[in-house]
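Note sheet for the following structure.
Only a predicted model underlies this, so the values are computations on that prediction, with no experimental measurement involved.
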Amino acid sequence: MAGRINDDDVKAVRDAVPIDAVVSDYLQLRNAGGGNLKGLCPFHDEKSPSFQVSPSKGLYHCFGCQAGGDTLDFVMKIDHLSFSEAVERLAGLAGITLRYEEGGYTAGTSGRGERIRLVEAHREAARFYVGQLEGPEAEIGRKFLAERGFDQAAAAHFGVGYSPAGWDHLTRFLRGKGFTDKELITSGLAQDSRSGKPIDRFRGRLMWPIRDISGEVVGFGARKLRDDDNGPKYLNTPETAIYKKSQVLYGIDLAKKEIAKTSRAVVVEGYTDVMACHLAGVTTAIATCGTAFGGDHIKILRRLLMDNATAEVIFTFDGDAAGQKAALRAFEDDQKFAAETSIAITPGGMDPCDLRLAQGDAAVAALVESRTPLFEFALRHIVARHNLENPAGRAAALDEAAPVVANIKNIAIQHESAVQLAGMLGIRDEQFVVKRVAQLARWARERGQGGGPQGGQHGGPQRGGPQRGRSSYEAVEAPAPQPAGGPALNLRSPAHRTERELLKLALQRPALVSPAFDAYGMDEFTAPPYAAVRQAILDAGGAALGTEDYLARVREAAPNDTVRALVTELAVEAIHAKTVDEVYAGVQLVQVRLRAVDRRVHEIQGTLSRLGPHAPPEQLAAVQEELWVLQQYGQRLRNRGAEGL
């Protein structure tokens with residue numbers, strides 16, 4: 001075994017790779033104020049961004065599902081890696097050589113996580129295939145690319161390569177790199193032969209590397225080139241630990257920044273279509289990999305599009321029957337988007353690659369701009385199935401089409417589409433259709449199945465998050481789901497609110513509350529989860545310590561994952577003050593201490609009542625003296641504020 005990774009190296013990895021740089025590989029982040037960033041949580045389905053990242057603290061926290069932690073925690077959770085695998089992956093990005101406690105420097109395979117090894121195998125395979133494209137055997141592949149308008153630079157940009165026609169060229173190459181036969185089979189790069197020895201899965205084909213959103217090669221798409229190849233036209237990597245075809249989008253690594261920037265994604269059908277679109281200037285193009293566009297693909301795009309008011313997803317399909325069927329299948333998922341969804345029908349049955357060859361780059365860009373709203377396309381398809389020459393046919397078409405219009409969330413678009421539907425059906429009484437649609441929409445709202453008139457876009461349910469009309473404090477401080485094992489907190493309680501603010505200050509701005517905070521006892525925090533966080537701060541050395549790794553020490557000192565998650569949440573959550581200074585910190589310190597004093601005064605007064613006038617004089621005097629001291633201290637706090645501490 002390679003042994004445990006050196007603690008100093010783990011810390012170096014954490015410090016070397018900014019958390020916002022890692023997270024932004026998976027979702028779009030926007031300014032959330034207070035130095036924080038926000039986005040749609042990648043760990044649960046949500047409409048309003050509750051996922052926050054604090055670059056200065058190196059932490060993330062979702063206020064919806066309570067997921068949180070540091071950079072390593074994020075990589076472990078989103079890519080399903082072990083701790084060691086996450087450290088090794090980030091170390092590779094940062095160029096840090098890891099030391100292991102048993103065995104010194106380790107560069108070999110021992111102890112490496114399976115996922116890391118599979119990614120490394122695919123990375124080496126991609127380099128191998130690219131190199132093979134330059135050889136004489138690959139002339140047929142280069143000719144295929146050239147005939148479709150792709151030169152050497154285009155092939156290099158997309159990492160296109162060639163798999164030799166022999167049985168085990170890649171297998172022998174990867175063995176030489178230290179990969180085992182088991183790893184090659186598990187990766188899907190090789191397969192068992194009749195002789196029992198592994199052979200290359202891809203042979204004599206043009207190879208497209210399929211990368212995940214972070215840019216790692218996780219699979220390949222292989223195109224047949226020769227007539228004597230009896231395999232399918234396209235052969236993809238089988239399902240593996242790193243490749244799930246329903247969860248990858250070809251070109252997403254190249255398109256993600258432009259998708260986030262422009263709030264637009266263009267979905268095409270093949271690898272060459274993605275290449276053609278990007279080379280024509282449509283750099284938001286992506287494609288599925290041997291499967292229909294579905295729910296997991298939607299989740300990837302939504303995290304990049306952020307479901308803002310101008311977001312748009314454009315599908316391009318051929319105008320033939322298969323293309324129309326694919327468009328209608330996409331429309332079935334329309335309600336899962338809050339973005340506008342549109343369709344661009346390619347002319348003459350040409351795909352974007354053919355269109356670029358025939359008419360040039362400008363035609364590809366024009367195709368995307370000629371899009372039609374997907375719901376309008378669906379309406380026309382519905383209407384075309386009915387005989388509009390008689391009243392019964394028009395009524396049947398209205399019955400089927402009106403619910404589609406009623407699902408449009410934007411009330412202005414809904415009204416305009418109802419008028420448009422009346423025209424399609426040849427119904428002169430437009431108001432009859434408008435009222436019918438409005439009635440269906442109202443019924444859907446009453447059943448909780450539709451969006452109200454204030455909804456943003458036609459393509460998704462009402463967004464979550466705080467309701468309009470609440471105060472800003474209530475919007476943030478409304479009770480959130482608590483982790484298992486943690487008692488519920490009443491965040492409308494003044495005591496709990498103040499305790500929460502003080503703990504946030506102690507974690508985020510320790511210098512403002514030190515050294516006074518470190519003298520506060522656990523019993524001064526009335527909520528048990530907050531008392532546990534206070535204990536973790538104490539166990540980590542106190543707020544006055546305030547070292548560079550202070551937050552990491554507090555999280556490590558937490559007794560369990562529940563407390564650790566709360567530490568992360570408090571470290572990321574915004575402090576509720578326009579100006580966070582010593583005055584504001586002093587108010588929180590005083591309020592928490594004063595409430596503790598008042599609670600103790602109340603307890604002592606109860607003790608005096610129980611003792612009565614016949615209690616031993618010494619005992620009575622001691623209790624009365626404690627009561628007097630506390631009352632004087634409380635009055636000093638009320639009169640002098642933080643100076644009275």
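The distance from the SG atom of Cys289 to the CD1 atom of Ile210 is 4.0 Å, given to the nearest 0.5 Å. Annotation: the span from Arg371 atom CZ to Phe315 atom CZ amounts to 13.5 Å, rounded to 0.5 Å.
You'll find the ring centres of Tyr234 and Tyr271 inside the 6.0 Å limit. The ring of Phe158 has its center closer than 6.0 angstrom to the ring center of His278.
Taking the six-membered ring where tryptophan is involved, the planes of Phe43 and Tyr60 are tilted, since the angle between them lies from 30° to 60°. Ring pair Phe74/Tyr26 is perpendicular by interplanar angle, where above 60° counts as perpendicular and below 30° as parallel.
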Decide side-chain contact (heavy atoms from CB on, under 4.5 Å) for Ile259 and Leu305; before the verdict, give the C-alpha distance in whole Å, the side-chain angles of both, and the deciding distance to 0.1 Å.
CA-CA 7 Å; Ile259 289 174; Leu305 294 169; 3.8 Å; yes
Step by step, work out the side-chain hydrogen bond (donor to acceptor under 3.5 Å, both in side chains) result for Thr526 and Glu499.
CA-CA 8 Å; Thr526 59; Glu499 291 169 20; 2.7 Å; yes
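The minimum heavy-atom distance between Ile286 and Gly251, with the atom names listed, is CG2-C, 3.6 Å. Of all non-hydrogen atoms in Leu367 and Pro352, the two that sit nearest each other are CD2-CG, 4.4 Å. Smallest separation of non-hydrogen atoms from Gln414 and Ala438: OE1-CA, 4.5 Å.
Within a 6.0 Å sphere centred on NZ of Lys244, heavy atoms belonging to other residues, nucleotides or ligands number more than 12. For Glu416, the CD atom sits in a loose shell: 12 or fewer heavy atoms of surrounding residues, nucleotides or ligands are nearer than 6.0 Å.
A 4.5 Å side-chain heavy-atom check between Arg356 and Met275 finds every atom pair outside the cut-off. By the 4.5 Å heavy-atom criterion applied to side chains, Ile314 and Arg264 are counted as neighbours. Within the 4.5 Å cutoff, no side-chain heavy atoms of Glu569 are placed close to those of Arg564.
Thr346 places a side-chain N or O within donor-acceptor distance of the main-chain N or O of Met350, the cut-off being under 3.5 Å. Side-chain atoms of Asp70 do not come within 3.5 Å of backbone N or O of Leu59 as any donor-acceptor pair. Side-chain N or O atoms of His386 include none that pairs as donor or acceptor with a backbone N or O of Val383 at under 3.5 Å. Gln439 contributes no side-chain N or O that, together with a main-chain N or O of Trp443, makes up a donor-acceptor pair within less than 3.5 Å. Without hydrogens or angle criteria, Glu430 side chain to Val419 main chain gives no donor-acceptor distance under 3.5 Å. Lys38 places no side-chain N or O within 3.5 Å of a backbone atom of Val53 that could act as its donor or acceptor partner. A donor-acceptor pair is defined here as one N or O able to donate and one able to accept, closer than 3.5 Å; such a pair exists between the side chain of Gln508 and the backbone of Leu570. The backbone N or O of Tyr250 lies less than 3.5 Å from no partner atom in the side chain of Arg211, so there is not a single donor-acceptor pair. Of the possible polar contacts, none joining the Asp79 side chain to the Met76 backbone as a donor-acceptor pair under 3.5 Å is found. Between the side chain of Gln591 and the backbone N or O of Thr498 there is no donor-acceptor pair closer than 3.5 Å.
A salt bridge links Lys256 and Asp25; the closest N-O separation between the charged side-chain nitrogens and carboxylate oxygens is under 4.0 Å. Under 4.0 Å is where a charged nitrogen must lie from a carboxylate oxygen, and between Arg436 and Asp399 at least one such pair does. Ion pair Glu573/Arg500 flagged as a salt bridge, since at least one NZ, NE, NH1 or NH2 atom sits closer than 4.0 Å to an Asp/Glu carboxylate oxygen. Salt bridge absent: Glu389 and Arg394 never bring a charged side-chain N and a carboxylate O closer than 4.0 Å.
Side-chain contact check for Glu312 and Ser263: no donor-acceptor pair (N or O, by modelled atom type) lies under 3.5 Å.
Here the rule is side chain to side chain donor-acceptor pair (under 3.5 Å) with Tyr584, and of His576, Glu501, Arg509 only Glu501 fits it.
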